[in-house]
Structure formats: C-alpha cells, structure tokens
Amino acid sequence: MTQHFFTGQNPNITTETKAFVTRYHGLFIDGQTMPAASGETFDVFEPSTGHWLTSIAAANSEDVNRAVQSSRNAFDTGPWPRMTPAERELILFRLADLIEQNKQLIAEIETLDMGKPVIEARDIDVMESASYCRYMAGWATKLDGRVTQLSAGPGNFGYTRKEPIGVVGAIIPWNFPFSMACWKVIAALAAGCTVVLKPSELASLTSLKLAELAIEAGVPTGVLNVITGDGQNAGAPLMAHPSINKASFTGSTAVGKMIGKAAMENLTRVTLELGGKSPMIVLGDADPASIAEELAAGIFFNAGQVCTAGSRLLVQEKIYEDVLLELTKVANNLVVGAGLDESTQMGPLASLAHKEKVESYINLGREEGARLITSNRDMDENGYYVSPTIFADCTDTMRIVTEEIFGPVLVASSFKDIDEVVSRVNNSSFGLAASIWSNDLKKVMDITPRIQAGIVWVNTHNPIDASLPFGGFKHSGIGRENGPEQIEAYLETKSVWINHADS
Ligand code: NAP
Ligand code: MG
C-alpha cells in the first residue's frame with residue numbers, strides 16, 4: 001500500500017491535523033497508546049478520494065479484556081466514582097472547553113476520516129458536543145434520590161440513592177463519530193461510571209482524540225479506554241463481557257438485536273439506539289417554495305447518513321407535485337464535493353461499501369418502478385460520491401420505502417387525509433422520528449400523539465438538543481439519550497430503610 005500524499009491534495013488542513021493523522025494510532029488503554037496484542041492493524045481510507053489515510057491498531061478479545069479490566073479497576077478502586085460531584089462536574093466543564101478550543105482540529109480529522117463537510121463537522125458536530133458536555137457536566141451535581149414515606153410508621157426512615165451503574169461498554173457508528181462518542185461517554189462519566197468505547201472501524205480517529213482530551217481535562221487514567229477494531233473481533237466480545245455492567249450501542253437494528261441478546265446472558269443493562277425510516281409529513285396548507293430547502297436538509301444533511309433522516313416524504317395530494325418540483329430544484333443544485341472544500345453542501349459517503357449499497361438501492365428503486373425525478377449527475381469516480389436522489393410515486397410495499405437506505409435517497413408519495421397518513425407511517429417496524437409540516441395547529445395537535453416515534457418535529461427535521469430525549473419506539477431502539485433520561489440509564493437506584501425506633 002503506498003502512502004497517500006493527502007496534504008498535497010488537501011492544502012486546507014492545519015499542520016496540527018496533519019501531525020495527528022500521520023502519527024501512530026494505537027488502542028488507548030490506561031492513558032497509554034499501545035498496539036493490539038496481536039500486532040494487527042486495519043487501514044483507513046479518505047472518502048473524498050478513496051486514498052489510504054492511515055492505519056490503526058485492530059483489537060481482539062485479548063485487548064477487550066485488558067481495556068475492561070482497566071475500566072473495572074478504575075471503577076472499583078479508582079478516584080473517579082469517589083470524587084465529589086462538584087469535582088467531576090468541573091473536570092467535565094474543562095473537557096467541554098477543550099473540545100471547543102480544538103474544534104478546527106477535530107473537525108478536520110473528522111472530515112478526512114469520514115467525509116462530511118468540515119464546516120458542519122465544526123459548527124454542528126463539535127460545537128454541539130461541547131454544549132452537550134456542559135449540559136451533562138451539570139447533572140453530575142444534581143443526582144438526587146428521594147425521601148419516601150414508609151407506612152411502617154415512626155422510627156422508620158426510607159430513602160433512595162442514585163449510584164453509578166459501573167463499567168459501561170459503548171459502541172458507536174460512523175455517521176457522527178465525534179458526537180456519538182461524546183453522547184456515549186460523557187453522560188456515563190457525569191454519572192460516575194467508567195467506559196470502554198469502541199468506535200466504528202470507518203471513523204475511529206476522533207474517539208482517540210476525545211480520550212486524549214479527557215486526560216488533559218483531568219479525567220483519571222482508565223476511566224475512558226478506547227479500543228479500535230471491527231465489530232466482530234472487538235465489538236462483540238466487549239458487549240458480551242461479563243465484567244461490564246451496561247451495554248450502550250448505537251448502530252443498525254440487526255446488530256442491536258444481537259447485542260441485546262448477548263447482554264441478557266449476563267443481565268447487563270442495555271441502551272440501544274438503532275435505525276429508522278423517518279417520515280416527513282407535509283399537510284396541504286404548507287407553502288412548497290418556503291419549506292423546500294428545509295425538507296431537502298431533512299434528507300440530504302450528512303448525505304442522508306442520519307438515523308433520523310427524513311427519508312420518506314408524504315405530501316397531501318393538492319400540493320404533491322408542487323412540493324416535488326421545489327424539492328427537486330434544491331436537490332439538483334446541491335453542491336456535492338470534498339468535505340474540506342468550504343463551498344461543499346454534501347460530502348461523499350463514508351465508505352466504498354456503503355456507496356455501493358446506496359447505489360444498489362437506487363437501482364432497485366428503478367426496478368421497483370418508482371419515478372426518478374432528480375437529474376442524478378455523474379459524480380467524481382475517485383471519491384465515494386452519490387448524487388442527491390428523489391423517487392416519486394412510491395408505494396408502501398417497495399423495499400426502497402420499507403428499508404433504511406442511510407444515504408441521500410428520498411422516497412415520496414401522496415396522501416388524501418390525516419387518518420390515511422397516520423396509518424401508513426405507523427405501518428413500519430421503525431419508530432425513531434417524524435416531522436409534520438403545517439401551520440394548522442389543530443391538525444398538528446391531532447397527529448402528534450398518534451405517531452409512533454420517539455421524536456416528532458413540527459416545521460423542522462433533525463435538530464437535537466442535549467435537554468430533549470432522543471431514541472426510538474419499536475425496532476428503533478430501547479432507552480433514551482439526552483436529557484435526564486440519559487443520566488438515569490447510567491444509574492442504579494438503591495433503596496435504604498433505617499430502623500431508628502427505640503428498641
Ligand atoms: P452497524 O453495522 O450496526 O455498526 C455499528 C457499530 O457496531 C460499529 O462500531 C460496528 O463496528 C459495530 N458492530 C458491528 N457488528 C457488531 C457485532 N456483531 N457486535 C458488536 N458490535 C458490532 O451500523 P453502521 O452501519 O455502522 O451504522 C449505521 C446504522 O446506525 C444505521 O442503521 C443507523 O440508523 C444507526 N444509527 C442510529 C442512531 C440512533 O441514535 N438511533 C444514530 C446513528 C446511527 P465496525 O463497523 O467497526 O465493524
Ligand atoms: Mg474513515
């Protein structure tokens with residue numbers, strides 16, 4: 001394999017980014033960077049060119065044991081769970097500041113590794129992660145139990161304590177690598193837990209950077225270990241490890257189900273954030289021209305590699321053709337290109353295999369008889385680019401409608417009335433998110449409680465906030481991230497009964 005001279009092709013990156021990407025990348029255990037026990041590595045490719053970028057240590061079960069033991073020791077005997085809540089809060093505030101100070105570096109690493117536009121990586125992924133870190137840091141000092149009223153009468157006192165659940169095994173996908181790493185790690189740390197994180201093989205670099213920043217912020221060694229490697233050799237042994245107390249997974253529904261089963265063997269607590277096929281429902285009173293850009297962002301943001309992507313569009317009959325016309329104009333004019341080019345609106349997909357999977361769905365859409373209404377331009381063959389794609393007149397049984405494509409492909413159809421659209425969107429195994437586009441308050445309030453989804457947006461799609469729970473109904477997951485609900489998932493409740501009656 002010849003080393004790709006990426007700095008020549010990407011003159012925009014800082015010397016700091018170049019230094020980070022070109023240095024040795026090992027596992028991060030006990031505050032040290034180290035090779036895998038087997039000495040194996042895996043290669044990382046740059047999505048905008050397909051060129052080799054670097055290689056990273058590939059963990060197997062021996063490394064998983066080492067990392068879990070380190071986090072176990074840090075939890076059972078180390079300082080982190082024993083610090084005062086205020087000390088933990090302060091360290092996490094420092095981590096938030098470091099994330100913000102390193103925003104350009106983290107964003108450039110993310111773009112080289114995963115392909116997304118650098119401006120989005122910096123201003124959305126990294127900056128929202130800093131806000132998230134501050135929000136969760138604040139919870140460290142607010143984890144109160146409650147005093148209960150025992151019916152046994154005087155001389156009996158009951159209360160609950162919230163205690164950290166223990167060692168967390170966490171696995172994340174590649175679509176928002178840094179944000180997902182922060183989501184998995186920081187709430188757990190705020191609760192007083194320790195974590196072994198396995199990022200996706202396709203985008204591991206910013207997880208390694210997060211681990212370094214955590215040490216710099218004052219998080220003790222062993223509290224956050226990062227093992228890099230693939231799902232089978234590193235992910236599966238981590239999730240099935242008898243010494244973890246909590247398995248927290250974000251990824252596909254198929255893998256999530258396997259992880260849930262493995263966790264039950266040890267009765268490990270589980271949070272699963274899984275896939276979706278989220279509808280955008282446009283009611284007849286909406287103005288097609290004024291919502292077209294936001295609808296387009298609902299599907300094409302992050303090249304459609306978003307678990308909540310508005311990948312299914314349902315438009316009320318009378319404005320159906322107008323909405324499609326406006327949306328197609330936006331899609332056909334989107335600037336698709338390398339993520340480091342600041343004029344890029346949509347980057348390449350994260351891997352060659354994923355690009356091929358998305359393209360196979362586009363071919364399938366044609367075969368299933370859907371109407372392709374976008375121009376589907378020729379893309380640069382070297383990078384993993386896919387043109388923004390919209391299929392109209394889709395029927396609900398087409399596979400492009402029922403399956404998650406996870407790329408820049410929108411499937412559209414029309415509907416007559418609210419009962420019809422509610423029943424059609426609920427007729428899905430997924431239930432992650434939905435959006436309703438209308439200014440008719442009565443209709444919005446009628447539809448919202450009837451939609452089977454963990455999040456319903458109105459006149460927007462995809463925004464998230466650290467305070468607002470995020471997660472799925474049905475096959476889209478178990479549990480919630482963000483908000484106090486997420487902290488709760490990293491705590492056990494202990495009940496205490498004190499008999500202080502005269503004996
Ligand atoms: P994936 O194939 O399920 O992989 C996710 C992670 O699991 C990766 O780190 C992967 O490692 C690892 N993995 C794979 N097989 C495993 C196994 N047998 N045991 C343990 N770990 C295993 O999903 P993906 O294709 O990377 O990501 C896209 C999916 O994630 C989509 O379905 C999307 O909807 C979902 N997602 C959900 C949310 C949410 O919050 N609900 C957010 C983002 C993405 P390697 O890839 O390194 O092998
Ligand atoms: Mg990559």
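The shown structure was predicted, so the numbers you read here are calculated from the model rather than taken from an experiment. When a residue number appears, it is its place in the shown sequence, counting from 1. One-based numbering, in listed order, for ligands and for the atoms of each.
- Heavy atoms of N175 found under 4.0 angstrom from ligand 1 belong exclusively to the side chain.
- Look at E110 and R122 and you find no salt bridge, because none of the NZ, NE, NH1 or NH2 atoms lies under 4.0 Å from a carboxylate O.
- Residue contacts with ligand 1 for I259 involve side-chain atoms from C-beta outward but no N, CA, C or O (heavy atoms, distance under 4.0 Å).
- Below 4.0 Å from some heavy atom of G251 lie the following atoms of ligand 1, by number and element: 3 (O), 5 (C), 23 (O), 29 (C), 30 (O), 32 (O), 35 (C), 36 (N), 37 (C).
- Using a 4.5 Å cut-off on side-chain heavy atoms (C-beta onward), V358 and V409 make contact.
- Of the residues V444, V421, V282, the one that meets the side chain to side chain contact (heavy atoms under 4.5 Å, CB included) test with I436 is V444.
- Taking every non-hydrogen atom of E273 and a distance limit under 4.0 Å, the qualifying atoms of ligand 1 come out as 37 (C), 38 (C), 39 (C), 40 (O), 41 (N).
- Using modelled atom types and a 3.5 Å distance limit, the side chains of T308 and N462 yield a donor-acceptor pair.
- Checking each of N266, I165, V167 against I244 for a side chain to side chain contact (heavy atoms under 4.5 Å, CB included) leaves exactly one that passes, namely V167.
- Between E201 and ligand 1, at least one N/O pair is under 3.5 Å apart.
- Counting the atoms of ligand 1 from 1 in the order shown, those under 4.0 Å from a heavy atom of A236 are 19 (N), 20 (C).
- Residue, atom and distance of the protein heavy atom nearest to atom 41 (N) of ligand 1 are L274 O, 2.7 Å.
- For ligand 1, the atoms closer than 4.0 angstrom to any heavy atom of M258 are 18 (N).
- Between the side chain of K116 and the main chain of D125, no donor-acceptor pair closer than 3.5 Å is present.
- Counting heavy atoms from C-beta outward, F176 and Q305 have side chains that stay 4.5 Å or more apart.
- Within the 4.0 Å heavy-atom criterion, neither part of E481 lies near ligand 1.
- One finds a salt bridge joining K162 and E488 here, because a Lys/Arg side-chain nitrogen approaches an Asp/Glu carboxylate oxygen to under 4.0 Å.
- Atoms of ligand 1 found under 4.0 Å from any heavy atom of S200 (numbered from 1 in listed order, with element): 9 (O), 46 (O), 47 (O).
- Short contacts between ligand 1 and K198, defined as distances under 4.0 Å to a heavy atom of the residue, involve ligand atoms 9 (O), 11 (O), 45 (P), 47 (O).
- Ranking protein heavy atoms by distance to atom 42 (C) of ligand 1, first place goes to C307 SG, 3.0 Å.
- In terms of protein heavy-atom proximity, atom 27 (O) of ligand 1 is closest to P173 CB, 3.4 Å.
- Atom 24 (P) of ligand 1 is approached by the protein to below 4.0 angstrom, counting heavy atoms only.
- Near G229, with a cut-off below 4.0 Å to any heavy atom, the atoms of ligand 1 are 47 (O).
- In terms of protein heavy atoms, atom 1 (P) of ligand 1 is closest to S252 OG, 3.6 Å.
- Geometrically, ligand 1 and F406 share no nitrogen or oxygen pair separated by less than 3.5 Å.
- Of the residues N65, N225, T194, the one that meets the side-chain hydrogen bond (donor to acceptor under 3.5 Å, both in side chains) test with S70 is N225.
- For atom 31 (C) of ligand 1, the closest non-hydrogen atom on the protein side is E404 OE1, 3.4 Å.
- The proximity of V255 to ligand 1, defined as any non-hydrogen pair under 4.0 Å, is limited to the side chain.
- In P199, the part holding a heavy atom less than 4.0 Å from any atom of ligand 1 is the backbone.
- F178 has its ring centre no less than 6.0 Å from the ring centre of W183.
- Of all atoms in ligand 1, listed by their number and element, those nearer than 4.0 Å to a heavy atom of I171 are 6 (C), 7 (O), 9 (O), 12 (C), 20 (C), 21 (N).
- No hydrogens or angles considered: a donor-acceptor pair under 3.5 Å links the side chains of S248 and Y490.
- Among protein heavy atoms, atom 14 (C) of ligand 1 sits closest to G231 CA, 3.7 Å.
- For the pair T250 and ligand 1, the shortest N or O to N or O distance does not fall below 3.5 Å.
- Note: no N/O pair closer than 3.5 Å links M239 and ligand 1 by distance alone.
- Of all protein heavy atoms, the one closest to atom 8 (C) of ligand 1 is I172 O, 3.5 Å.
- With respect to E481 and K184, a salt bridge is recorded, a charged nitrogen being found less than 4.0 Å from a carboxylate O.
- Contacts with ligand 1 closer than 4.0 Å are made by side-chain heavy atoms of F470 only, the backbone lying farther away.
- In this structure, CD on Q104 lies 11.0 Å from CD1 on I13, to the nearest 0.5 angstrom.
- Taking 4.0 Å as the cut-off between side-chain N and carboxylate O, K355 and E359 count as a salt-bridged pair.
- In terms of polar-atom proximity, defined here as any N/O pair under 3.5 Å, W174 does make such a contact with ligand 1.
- Of the charged side-chain nitrogens involved, none lies within less than 4.0 Å of a carboxylate oxygen, so that K209 and D113 do not count as a salt-bridged pair.
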